[in-house]
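What follows is a short report on a single structure.
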Amino acid sequence: MTELRQRVAHEPDAPPEDKESESEAKVDGETASDSESRAESAPLPVSADDTPEVLNRALSNLSSRWKNWWVRGILTLAMIAFFFIIIYLGPMVLMIIVMCVQIKCFHEIITIGYNVYHSYDLPWFRTLSWYFLLCVNYFFYGETVTDYFFTLVQREEPLRILSKYHRFISFTLYLIGFCMFVLSLVKKHYRLQFYMFGWTHVTLLIVVTQSHLVIHNLFEGMIWFIVPISCVICNDIMAYMFGFFFGRTPLIKLSPKKTWEGFIGGFFATVVFGLLLSYVMSGYRCFVCPVEYNNDTNSFTVDCEPSDLFRLQEYNIPGVMQSVIGWKTVRMYPFQIHSIALSTFASLIGPFGGFFASGFKRAFKIKDFANTIPGHGGIMDRFDCQYLMATFVNVYIASFIRGPNPSKLIQQFLTLRPDQQLHIFNTLQSHLIDKGMLTSTTEDK
C-alpha cells in the first residue's frame, strides 16, 4: 500500500491538452444537456383562443365541448370549399398550393426546433435550413421538369444545358451548404449544432420528399390526387363525428381523445365514400387523364382516351352475397376496386401519421405545430396523414398501375441522332415482323 501511495503521489498530472479537451467537452456537454433539459422541462404552452370573434359571439352560450365542435365543423367546411376551388383552377394552381403547403410545414417544424432548443445564438442556423430547403426543391422540381416537360427542355438551349447537368448542379449546391455548416461550427455549441443539422435533414425528408410525391401523383391524373386526399379528409371528419357521439373506448395513449368507435366508424364511412367518389370521378376525362404538357399550346392538357381502368365493366357477385342483395352482377369501374385499397389505407394506416405527429408534439410539450387554423392548429396538423398517404399512393401506382409511357419514349427517341433513330427503327421493324404483326416486302429484303 505504501508503495502504491508513493507511485500515485509521484504520477505526473495530465497533459494540458487533455485537460483542455475535457473542459471543452464539459462545456459542450453542458450546453447540449442544458438545451435538452430546457426542452424537457418546458411547460406545455397554453394555446390562446384564436377563434374568430364572430364565432365567439355566435357560440358564446354553448359549452366548450359543443363550441369546439361547431368551430371545427365550420372551418372544416371552409377548407373543403377552398379545396374545391383550387381543384377547379387546375393542376398548375394545385402544384403551387402544394409548394406553399410544403414551405409552411417546413417553417412550422423548423420553428419548433428553433424555440425548443433555444437555438437563437447558433450561427447561420435558419439561413442554412432555408438554403437546404432551396437545394432539395431545386433537385426534385428539376427532375420533374426534365421528366414531364422533356420536349420543352430540349427545345430551349439554356434549359437543355441545365437538364443535362442538373444532378451535378444540385450536388454542388448541397456541398456549398455542407461546407457552410462546417465553417459555422462553434466550440461551445458543437453538439447542439449537429442536433439542428439532423433536425433540418429529417424535416426535409418528411416534408419535401413526400410533397414531391404528391405532385407525381397529380401528373398521373387528377383522380390519383383528389381521391386519396379526400379519403383522408373523410376519415378525419367521420372518425371525429363517430368519436364525438359514440366514443367510449380509448384507442391509443398518444391521442387520448381518439376512440375505437371513431376509428372503426371512420373506416367503414371512408370505404363507402371512396367507392362513391371514385364512381363519380371515373366518368370525367378531366379527372382520369394524365396531366401532360402540350407543346403546341404551351399549356397543360388533360384530354385522352380513358384506359380500361376507367371504363365500366360487369363483375359477378359472389353467391353468398347474391342471396342477400338480390343481384347477380354489378357494373362498376375497375378504379373503384383500387379505391377500396386507397380508402382502407387512409382509414387504418393513415391515422398513424397523426399518432406519429402526436408523439412528436408530446415529446416537445407542445399542443399544436402552430395556430394557423383556429380549432385545428397549424398546417402540419392537417397534413400529418396526407404525406404518408401520398407516399403509399405513389408506391401503389408504381407497383400495380403504371406501365411504359409511349409518349415519353417517343420524346426521347426524337432527341437521338439520326443513325441511332434508324438503328432503333430497323430493330423494331425486325421484331414486329418476327411477331407476325408486319409483313416483310421484297424491298425490305
Side-chain angles (χ1 to χ4, degrees), residues 90-106 128-178 200-225 228-229 289-295 298-302 383 386-416:
M92 194 65 187
V93 175
L94 279 172
M95 283 188 283
I96 295 173
I97 294 296
V98 170
M99 169 70 85
C100 294
V101 168
Q102 173 212 117
I103 293 173
K104 187 64 175 71
C105 291
F106 181 83
L128 284 174
S129 296
W130 289 102
Y131 176 81
F132 282 125
L133 176 67
L134 177 67
C135 291
V136 175
N137 271 306
Y138 175 81
F139 171 74
F140 280 125
Y141 281 93
E143 294 282 315
T144 301
V145 168
T146 302
D147 193 21
Y148 290 99
F149 309 107
F150 188 80
T151 306
L152 175 64
V153 169
Q154 294 299 319
R155 194 172 61 193
E156 302 292 336
E157 184 65 20
L159 292 178
R160 190 181 65 80
I161 295 173
L162 287 175
S163 172
K164 182 177 180 180
Y165 302 106
H166 171 68
R167 296 194 176 186
F168 180 79
I169 294 172
S170 301
F171 183 64
T172 302
L173 290 173
Y174 180 83
L175 282 181
I176 292 172
F178 179 79
T200 300
H201 281 67
V202 171
T203 304
L204 291 172
L205 177 65
I206 293 174
V207 175
V208 181
T209 305
Q210 297 188 82
S211 66
H212 177 69
L213 297 180
V214 173
I215 294 178
H216 268 238
N217 299 340
L218 174 62
F219 276 108
E220 295 295 329
M222 296 272 282
I223 196 168
W224 292 104
F225 175 85
I229 287 180
C289 291
V291 179
E292 296 180 345
Y293 185 78
N294 190 318
N295 295 298
N298 289 327
S299 61
F300 289 101
T301 59
V302 285
F383 282 83
Q386 296 288 5
Y387 285 130
L388 186 62
M389 186 70 194
T391 305
F392 171 74
V393 173
N394 191 269
V395 172
Y396 188 88
I397 292 173
S399 301
F400 304 108
I401 305 298
R402 185 188 296 136
N405 190 326
S407 63
K408 290 183 180 179
L409 292 176
I410 292 173
Q411 288 175 359
Q412 294 176 353
F413 175 79
L414 294 176
T415 60
L416 298 175

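Numbering of residues begins at 1 and proceeds along the displayed sequence.
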Q.
Can you tell me how far apart CD1 (Ile397) and CD (Glu220) are? Round to the nearest 0.5 Å.
A. 5.0 Å

Q) What residues, two or more places apart in sequence or in another chain, satisfy side-chain contact (heavy atoms from CB on, under 4.5 Å) together with Val136? A) Phe140, Leu204, Val208

Q: Apply side-chain contact (heavy atoms from CB on, under 4.5 Å) to Cys105 and Tyr387, showing your working.
A: CA-CA 11 Å; Cys105 291; Tyr387 285 130; 3.6 Å; yes

Q: Please examine the side chains of Leu205 and His201, heavy atoms only from C-beta on, and report whether any two atoms are closer than 4.5 Å.
A: no

Q: Return the orientation label for the Trp130 and Phe106 ring planes: parallel under 30°, perpendicular over 60°, tilted otherwise.
A: perpendicular

Q.
Can you give me the closest heavy-atom contact between Leu213 and Ala390, atom names plus distance?
A. CB-O, 4.3 Å

**Q.** Check: Ile206 main-chain N/O paired with Gln210 side-chain donor or acceptor under 3.5 Å
**A.** yes

Q: Provide the closest heavy-atom pair for Phe139 versus Arg167 in the form atom of the first, atom of the second, distance.
A: CE1-CG, 4.2 Å

Q: Report the relative orientation of the aromatic rings in Tyr174 and Phe132; use parallel for angles under 30°, tilted for 30 to 60°, perpendicular for over 60°.
A: tilted

(Q) If you compare all heavy atoms of Leu128 against all heavy atoms of Gly177, which two are closest, and at what distance to 0.1 Å? (A) CD2-O, 3.8 Å

Q: Output yes when a side-chain donor or acceptor of His212 lies under 3.5 Å from a complementary backbone atom of Tyr141, and no otherwise.
A: no

(Q) Using the rule given for side-chain contact (heavy atoms from CB on, under 4.5 Å), can you reason through Ile229 versus Met389, listing the C-alpha separation, both sets of side-chain angles and the distance that settles it, and then say yes or no? (A) CA-CA 8 Å; Ile229 287 180; Met389 186 70 194; over 6 Å; no

Q. Are the side chain of Asn137 and the backbone of Leu133 linked by a donor-acceptor contact shorter than 3.5 Å?
A. yes

Q) CD1/Ile103 to CG/Leu134 distance, rounded to the nearest 0.5 angstrom? A) 9.5 Å

Q) Taking only residues two or more places apart in sequence, or in another chain, which ones meet Phe168 in a ring-ring contact (aromatic ring centres under 6.0 Å, His included)? A) none

Q: Under the side-chain contact (heavy atoms from CB on, under 4.5 Å) rule, collect the residues that match up with Ile169, sequence neighbours excluded.
A: Tyr138, Leu162, Tyr165, Leu173

Q) Nearest 0.5 Å, what's the CE-SG distance between Met95 and Cys100? A) 12.5 Å

Q: To the nearest 0.5 Å, tell me how far Met222 CE sits from Cys289 SG.
A: 11.5 Å

**Q.** Flag side-chain contact, heavy atom, 4.5 Å: Phe219 against Asp147
**A.** no

Q) Taking all atoms of both residues into account, what is the closest heavy-atom pair of Gln386 and Pro228, and its distance? A) OE1-O, 4.4 Å

Q.
On a heavy-atom basis, which atom in Val98 and which in Ser211 lie closest, and how many Å separate them?
A. CG1-O, 3.7 Å

Q) Is the backbone of Val395 close enough, under 3.5 Å, to the side chain of Ser399 for a donor and an acceptor to pair up by distance? A) yes

Q. Does the side-chain contact (heavy atoms from CB on, under 4.5 Å) test come out yes or no for Ile176 and Tyr131, once each step is laid out?
A. CA-CA 10 Å; Ile176 292 172; Tyr131 176 81; 3.5 Å; yes

Q) Run the side-chain contact (heavy atoms from CB on, under 4.5 Å) check on Leu218 and Leu94 step by step: do they pass? A) CA-CA 9 Å; Leu218 174 62; Leu94 279 172; 3.9 Å; yes

Q) Taking atom CG of Leu388 and atom CZ of Phe383, what is their separation to the nearest 0.5 Å? A) 14.5 Å

